[in-house]
Amino acid sequence: TAAPSGPKLGGTIRHPQREEPPSWDPSRTHVDPMITVKYLTFTKLFTNWSDKPQNCQSEVYPWAVQSWRWIDDTTADFTLKQGMRYHNKPPVNGREVVAQDIVPAFERYKKNLSFMAGKSATVDSVTATDKYTFRMKLKSPWGGLVSELLAHFYGPWLEPAEAGGA
């Protein structure tokens with residue numbers, strides 16, 4: 001038989017796990033095996049990466065965020081990459097990811113991952129300021145917003161507003 005000519009869209013990924021995930025809701029579970037499933041099926045705002053993990057150091061990289069800037073000591077604006085789309089299945093039917101999705105996703109995250117409550121409690125509010133921009137207002141200055149909360153291994157995942165209440 002001839003060798004494949006290149007990547008093929010579609011198909012099935014099989015990933016062996018020792019057990020079923022306790023939930024398919026990314027904001028409701030943080031235990032293995034769900035961590036692997038999350039990274040294969042959901043997107044985060046930021047991620048950490050290191051090409052030298054033996055040094056126990058990593059860098060923060062924007063994943064779904066195009067850019068961000070601090071407005072003042074307690075306010076940061078984040079702009080999402082344009083053109084990201086959810087799966088072409090109900091209830092989102094392939095619609096574009098927008099800033100308004102971040103508001104309920106972060107509220108679900110704050111409510112459901114209680115072990116991250118100390119870090120997420122520093123956030124006073126999350127609001128969409130335009131189609132692709134959301135604003136995070138902190139209760140007090142905190143330089144760890146991106147590195148210790150948004151890019152954290154258990155940090156918030158992109159979920160459509162249609163995912164429902166917290």
For residues [X] and [Y], determine if any side-chain heavy atom of one lies less than 4.5 Å from a side-chain heavy atom of the other.
X: H87; Y: V92; value: no
X: D72; Y: K137; value: yes
X: L80; Y: F134; value: yes
X: V97; Y: I102; value: no
X: M84; Y: D101; value: no

Locate the shortest heavy-atom distance separating [X] from [Y]; write the atom from each residue and the value.
X: A76; Y: L145; result: CB-CD2, 4.3 Å
X: A64; Y: T43; result: CB-CG2, 3.9 Å
X: S67; Y: V65; result: O-CG1, 3.2 Å
X: V126; Y: V123; result: CG2-CG1, 3.8 Å

Between [atom1] of [X] and [atom2] of [Y], what distance do you get to the nearest 0.5 Å?
X: Y86; Y: L158; atom1: OH; atom2: CG; result: 5.5 Å
X: M136; Y: W70; atom1: CE; atom2: CH2; result: 9.5 Å
X: D73; Y: L138; atom1: CG; atom2: CG; result: 9.5 Å

Test applied, side chain to side chain donor-acceptor pair (under 3.5 Å); reference residue, Y132; option that passes from Q100, K81, E96 |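 Only one of Q100, K81, E96 forms a side chain to side chain donor-acceptor pair (under 3.5 Å) with Y132, namely E96.
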Going hydrophobic residue to hydrophobic residue with side-chain gaps under 4.5 angstrom, can you get from F106 over to W68?
->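 F106 and W68: one cluster.
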Do NZ/NE/NH1/NH2 and the carboxylate oxygens of K139 and D124 come within less than 4.0 Å?
->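 Answer for the salt bridge query: no.
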Do side-chain atoms of R85 reach the backbone of G94 as a donor and acceptor pair under 3.5 angstrom?
->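 Side chain of R85 to backbone of G94: a pair is present.
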Which class fits the ring pair F46 and F78: parallel under 30°, tilted 30 to 60°, perpendicular over 60°?
->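 Correct class here is perpendicular.
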Could you tell me whether the side chains of D77 and T75 share a donor-acceptor contact shorter than 3.5 Å?
->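 No, no side-chain donor-acceptor pair sits under 3.5 Å.
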